Participant: 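If you scroll down you'll find the structure; I have some questions about it.
Each ligand, and each atom within it, is numbered from 1 in the order the structure gives. Note that the structure is predicted; figures quoted are calculated from it, not measured.
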Amino acid sequence: MLAMNYRGPFRVRAAQKPIPEILHPNDAIVRVTRSCICGSDLHLYHGLVPDTRVGMTFGHEFIGVVDEIGPSVQNLKVGDNVIVPFNVACGKCAFCKQGLFGNCHESNPEATAVGGIFGYSHTAGGYDGGQAEFVRVPYADVGPTIIPDWMDHDDAVLLTDVVPTGYQAAEMGGIKQGDTVVVFGAGPVGILAAKCAWLFGAGRVIVIDHLEYRLDFVRKYAQCEAYNFRSMKDPVLFIKQTTDWFGADVCIDAVGGDASGSPLQTITGKKLLLQAGSATALHWAINSVKKGGIVSIVGVYGPTDNLVPIGNVVNKGITIRANQASVKRLLPRLIDHIQAGRLNPKEIITHRVPLEEVADAYHIFSAKLDNCIKPILIPPSARK
Ligand SMILES: NC(=O)c1ccc[n+]([C@@H]2O[C@H](COP(=O)([O-])OP(=O)(O)OC[C@H]3O[C@@H](n4cnc5c(N)ncnc54)[C@H](O)[C@@H]3O)[C@@H](O)[C@H]2O)c1
Ligand SMILES: [Zn+2]
Ligand SMILES: [Zn+2]
């Protein structure tokens with residue numbers, strides 16, 4: 001089969017690999033019909049995630065058709081069209097039982113760090129991902145969810161990650177009626193977080209980024225204010241000024257460790273790797289939230305040390321909430337929002353690329369070329 005193949009930082013290609021096989025009675029093999037490239041894949045692509053092995057196939061956002069099931073699988077049958085959440089989750093451990101599917105204790109040998117994630121290095125379990133024609137899906141009775149007949153498959157594929165992540169970012173912000181919410185990052189996750197902030201009752205939503213085309217997009221898509229941090233002296237000062245010097249009620253970090261905007265953070269975190277990525281957006285979020293406010297982090301950071309203004313967290317009495325999204329927990333609610341027309345995720349898809357051209361797709365998305373917001377990959381077997 002054809003699959004994306006990691007060769008080292010900034011080097012990926014489409015290559016032939018054996019079709020995966022059932023290894024456990026509760027596995028399924030899914031024939032992929034669409035997969036996405038995510039901002040999280042860029043951390044892998046840029047070489048920022050430890051133990052990313054050459055030969056691995058990335059891809060934690062995919063949908064497809066069930067091709068084969070193990071003997072103990074009860075909830076799926078061959079031919080079902082399924083949304084596969086990005087979390088690999090057992091459904092039975094203490095964390096899964098609380099709905100914390102992103103924190104499963106069974107699916108990753110490095111369980112104290114993170115749960116299992118498809119296509120996300122050996123720090124997240126070493127599972128091959130779905131930027132391929134076929135993928136092995138463990139715990140097949142837990143994650144995969146049947147795509148409703150009425151649902152457009154372009155919407156379905158975005159339910160594997162960015163929609164639940166944007167929604168959970170807003171949910172973790174504890175937004176109250178009328179709150180001012182600032183979202184750092186106008187990538188797919190930040191765009192969805194801004195859109196979802198309104199569902200929780202926000203009174204004002206402000207997005208900060210430095211890519212004009214994304215700011216233009218989010219202004220229209222999420223009916224919010226959007227500003228370029230390159231055109232302001234200091235984004236923290238700007239947010240204080242625009243909130244009567246109180247600061248925002250809620251700040252959402254939808255950027256993570258690949259942030260731009262601070263030469264010191266970029267050099268220490270992205271060039272010299274003295275810290276686990278650049279925490280620029282997190283600094284701005286902590287420093288521009290009001291005293292007693294909430295900072296919600298969905299941007300991904302490396303598991304070790306970061307230069308973070310923890311003193312300001314203490315002195316301002318800030319609540320920090322952060323997690324990988326727990327996709328399965330949120331799916332029923334999000335499917336309702338899509339059916340009712342309150343969420344229209346597929347509008348963020350800008351590029352539809354054959355899997356054979358995966359290297360170009362990574363380059364375009366990473367370098368933010370051609371007004372790219374969300375690229376999806378279509379395997380050859382899904383185009384026949
Ligand atoms: N927690 C989760 O479950 C989860 C799930 C999916 C993605 N993520 C993470 O969310 C983050 C965003 O993902 P994405 O797909 O939208 O990525 P993306 O790379 O497309 O978007 C990131 C955006 O942040 C902007 N940016 C860079 N520095 C900034 C700064 N200092 N302030 C404001 N904006 C800045 C970039 O210009 C870009 O538009 C990534 O870190 C990704 O790993 C987390
Ligand atoms: Zn993702
Ligand atoms: Zn579990």
Side-chain angles (χ1 to χ4, degrees), residues 35-46 48-49 58-62 85-108 111 114-120 129 139 142-143 158 160-169 172 182-193 207-215 217-218 226-230 235 252-262 265-266 277-285 296-301 322-328 330 348 365-366 368 372-375:
S35 66
C36 307
I37 305 178
C38 175
S40 298
D41 292 323
L42 297 181
H43 311 316
L44 299 166
Y45 181 65
H46 297 160
L48 294 175
V49 181
F58 300 168
H60 56 271
E61 304 184 1
F62 58 91
F86 78 83
N87 321 107
V88 182
C90 77
K92 291 188 179 141
C93 72
F95 299 97
C96 284
K97 277 193 186 139
Q98 290 175 63
L100 293 169
F101 295 99
N103 309 101
C104 176
H105 211 55
E106 293 297 326
S107 56
N108 179 9
V114 67
I117 301 175
F118 285 101
Y120 213 73
Y139 310 106
V142 180
L158 296 170
T160 59
D161 182 350
V162 290
V163 182
T165 301
Y167 186 89
Q168 187 171 315
M172 290 192 301
V182 175
V183 180
F184 292 93
V189 172
I191 291 169
L192 265 308
V207 175
I208 306 284
D209 200 303
H210 65 142
L211 300 173
E212 283 296 337
Y213 77 90
R214 290 188 167 194
L215 294 168
F217 181 88
V218 75
Y227 302 101
N228 190 329
F229 66 76
R230 302 273 180 209
I252 294 174
D253 173 352
V255 180
D258 258 330
S260 314
S262 154
Q265 290 277 347
T266 300
S278 151
T280 307
L282 182 54
H283 270 250
W284 293 348
S296 164
I297 311 171
V298 283
V300 163
Y301 290 90
N323 212 339
Q324 297 285 344
S326 281
V327 175
K328 184 77 183 180
L330 297 169
I348 72 168
F365 184 54
S366 168
K368 314 304 193 224
C372 184
I373 293 177
K374 190 73 174 171

Participant: Is Ile373 in polar range of ligand 1, meaning some N or O pair under 3.5 Å apart?
Facilitator: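 N/O-N/O distance below 3.5 Å does not exist for this pair.
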Participant: Quick one: look at Val189 and ligand 1, take heavy-atom pairs under 4.0 Å, and tell me if it's side chain, backbone, both or neither.
Facilitator: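 Near ligand 1, Val189 shows its backbone as well as its side chain.
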Participant: Counting heavy atoms only, which part of Ala325 comes closer than 4.0 Å to ligand 1: side chain, backbone, both or neither?
Facilitator: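 Within the 4.0 Å criterion, Ala325 contacts ligand 1 through backbone and side-chain atoms alike.
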Participant: Return the residue, atom name and 0.1 Å-rounded distance of the protein heavy atom closest to atom 17 (O) of ligand 1.
Facilitator: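 That would be Gly39 CA, 3.3 Å.
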Participant: For atom 31 (N) of ligand 1, which protein heavy atom lies nearest, and how many Å away is it?
Facilitator: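 Looking only at protein heavy atoms, the one closest to atom 31 (N) of ligand 1 is Ser260 O, 2.8 Å.
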Participant: Can you find a heavy atom in the side chain of Val327 that is under 4.5 Å from one in the side chain of Gln168?
Facilitator: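 No; the side chains remain at least 4.5 Å from each other.
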Participant: Under a 3.5 Å threshold, yes or no: a donor from one side chain and an acceptor from the other, between Tyr301 and Asp253?
Facilitator: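 Yes, a side-chain donor-acceptor pair sits under 3.5 Å.
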Participant: Of the protein's non-hydrogen atoms, which lies at the shortest distance from atom 12 (C) of ligand 1, and what is that distance?
Facilitator: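 Here the closest protein heavy atom is Ala254 O, 3.2 Å.
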Participant: What residue and atom, counting heavy atoms only, is the protein's closest point to atom 20 (O) of ligand 1, and at what distance?
Facilitator: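 Of the protein heavy atoms, Arg214 NH1, 2.9 Å lies nearest.
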Participant: Is there a donor-acceptor pair under 3.5 Å between the side chain of Gln265 and the backbone N or O of Ala279?
Facilitator: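 Yes, because the side chain of Gln265 sits within donor-acceptor range (under 3.5 Å) of the backbone of Ala279.
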Participant: Could you measure the distance from the NE2 atom of His60 to the CD atom of Gln324? Nearest 0.5 Å is fine.
Facilitator: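 The CD atom of Gln324 is 8.5 Å from NE2 of His60, to the nearest 0.5 Å.
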Participant: Which ligand 1 atoms does Leu211 reach within 4.0 Å, using its non-hydrogen atoms?
Facilitator: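 Ligand 1 atoms under the 4.0 Å threshold to Leu211: 37 (O), 39 (O).
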Participant: Check each heavy atom of Asn323 against ligand 1 and say whether those closer than 4.0 Å belong to the side chain, the backbone, both or neither.
Facilitator: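 For Asn323, the contact with ligand 1 is made by the backbone alone.
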Participant: Between atom CG of Asn108 and atom CG of Asn103, what is the distance when rounded to the nearest 0.5 Å?
Facilitator: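 Between Asn108 CG and Asn103 CG, I get 11.0 Å after rounding to 0.5 Å.
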Participant: Check whether any side-chain heavy atom of Val218 sits under 4.5 Å from a side-chain heavy atom of Asp209, and report yes or no.
Facilitator: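 No, too far: nothing below the 4.5 Å cut-off.
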Participant: Please list, in number order, the atoms of ligand 1 under 4.0 Å from a heavy atom of Ala259.
Facilitator: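 Close to Ala259: 28 (N).
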Participant: With side chain to side chain contact (heavy atoms under 4.5 Å, CB included) as the criterion, how do Asn228 and Glu212 come out once you've worked through the C-alpha distance, each side chain's angles and the decisive distance to 0.1 Å?
Facilitator: CA-CA 7 Å; Asn228 190 329; Glu212 283 296 337; 2.9 Å; yes
Participant: Please confirm whether Lys368 approaches ligand 1 to less than 4.0 Å, judged on its heavy atoms.
Facilitator: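 The answer is yes: ligand 1 sits under 4.0 Å from a heavy atom of Lys368.
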Participant: Please list the nearest protein heavy atom to atom 26 (N) of ligand 1 with its residue and the distance rounded to 0.1 Å.
Facilitator: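 Ranking protein heavy atoms by distance from atom 26 (N) of ligand 1, first comes Val255 CG1, 3.8 Å.
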Participant: How close do Ala259 and Thr280 get, counting heavy atoms only, and between which atoms?
Facilitator: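 In this case the closest contact between Ala259 and Thr280 is CB-CB, 3.9 Å.
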Participant: Within the structure provided, determine whether Lys92 and Tyr139 are in side-chain contact (heavy-atom separation under 4.5 Å).
Facilitator: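 A side-chain contact under 4.5 Å is absent here.
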Participant: Please confirm whether Gly187 approaches ligand 1 to less than 4.0 Å, judged on its heavy atoms.
Facilitator: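 Yes; Gly187 lies near enough to ligand 1 that a heavy-atom distance drops under 4.0 Å.
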Participant: Do the side chains of Tyr45 and Ile37 get nearer than 4.5 Å, heavy atoms only?
Facilitator: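 Ile37 does not reach Tyr45 side chain to side chain.
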Participant: Can you establish whether the number of heavy atoms outside Lys368 located under 6.0 Å from its atom NZ is more than 12?
Facilitator: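 For Lys368, atom NZ is crowded (more than 12 foreign heavy atoms under 6.0 Å).
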Participant: What residue and atom, counting heavy atoms only, is the protein's closest point to atom 5 (C) of ligand 1, and at what distance?
Facilitator: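 Checking every protein heavy atom, the shortest distance to atom 5 (C) of ligand 1 gives Asp161 OD1, 3.1 Å.
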Participant: If you have a sec, work out which protein heavy atom is nearest atom 44 (C) of ligand 1 and how many Å separate them, to one decimal?
Facilitator: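 Answer for atom 44 (C) of ligand 1: Val298 O, 2.8 Å.
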Participant: Do any of the N/O/S atoms of Cys93, backbone or side chain, fall under 2.8 Å from the Zn ion (ligand 3)?
Facilitator: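 For Cys93, the answer is yes, given that an N, O or S atom comes within less than 2.8 Å of the Zn ion (ligand 3).
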Participant: With heavy-atom distances below 4.5 Å as the criterion, would you say the side chains of Ile373 and Tyr213 are in contact?
Facilitator: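 Of all side-chain heavy-atom pairs linking Tyr213 with Ile373, at least one is under 4.5 Å.
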Participant: Counting from 1, what ligand 1 atoms have a heavy atom of Phe86 closer than 4.0 Å?
Facilitator: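 Near Phe86, the atoms of ligand 1 are 3 (O).
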Participant: Answer yes if the ring centres of Phe62 and Phe118 are under 6.0 angstrom apart, and no otherwise.
Facilitator: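 Yes.
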Participant: At the 4.0 Å heavy-atom cut-off, does Tyr301 count as touching ligand 1?
Facilitator: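 Checking ligand 1 against Tyr301, which is what was asked, there is no heavy-atom contact under 4.0 Å.
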Participant: Starting from atom 42 (C) of ligand 1, locate the nearest protein heavy atom and write down its residue, its atom name and how far away it is, to 0.1 Å.
Facilitator: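 It is Ser40 OG, 3.2 Å.
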Participant: Is any side-chain heavy atom of Phe101 less than 4.5 Å from a side-chain heavy atom of Val142?
Facilitator: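 Yes; the side chains approach each other to less than 4.5 Å.
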Participant: Is the closest side-chain heavy-atom distance between Thr165 and Leu192 below 4.5 Å?
Facilitator: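 No, side chains not in contact.
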Participant: How does Asp209 reach ligand 1, if at all, at less than 4.0 Å between non-hydrogen atoms: by side chain, backbone, both, or neither?
Facilitator: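 The answer is both.
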Participant: I need the contact type for Gln168 against ligand 1. Using non-hydrogen atoms and a strict under-4.0 Å cut-off, is it side chain, backbone, both or neither?
Facilitator: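 Neither part.
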Participant: Going from CG on Leu42 to CG on Leu48, what distance comes out if it is rounded to the nearest 0.5 angstrom?
Facilitator: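 Spacing of CG (Leu42) from CG (Leu48) equals 10.0 Å.
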Participant: Just distances here: any N/O of His43 and N/O of ligand 1 closer than 3.5 Å?
Facilitator: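 By distance alone, the answer is yes.
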Participant: Taking distance alone, with no angle check, do Val300 and ligand 1 share an N/O pair under 3.5 Å?
Facilitator: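 Yes, Val300 has an N/O under 3.5 Å of an N/O on ligand 1.
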Participant: Which ligand 1 atoms are under 4.0 Å away from a heavy-atom of Phe365?
Facilitator: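 Every atom of ligand 1 under 4.0 Å from some heavy atom of Phe365: 20 (O).
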Participant: Taking the minimum heavy-atom distance to atom 24 (O) of ligand 1, which of Gly256, Gly190, Gly185 ranks first?
Facilitator: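 Shortest heavy-atom distance from atom 24 (O) of ligand 1: Gly185.
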Participant: Provide the protein N, O or S atoms situated under 2.8 Å from the Zn ion (ligand 2); waters are not included.
Facilitator: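 Listed by chain and number: Cys38 SG, His60 NE2, Glu61 OE2, Asp161 OD2.
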Participant: Check Val298 against Ala254 and note the closest heavy-atom contact, atom names and distance.
Facilitator: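 Nearest heavy atoms, Val298 then Ala254: CG2-CA, 4.3 Å.
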Participant: Identify which of Trp284, Phe229, Phe184 has a heavy atom lying nearest to atom 29 (C) of ligand 1.
Facilitator: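 Checking each option, the heavy atom nearest atom 29 (C) of ligand 1 is found in Phe229.
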Participant: Does the plane of the ring in His210 sit parallel, tilted or perpendicular to the ring in Phe229? Use 30° and 60° as the thresholds.
Facilitator: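 Correct class here is parallel.
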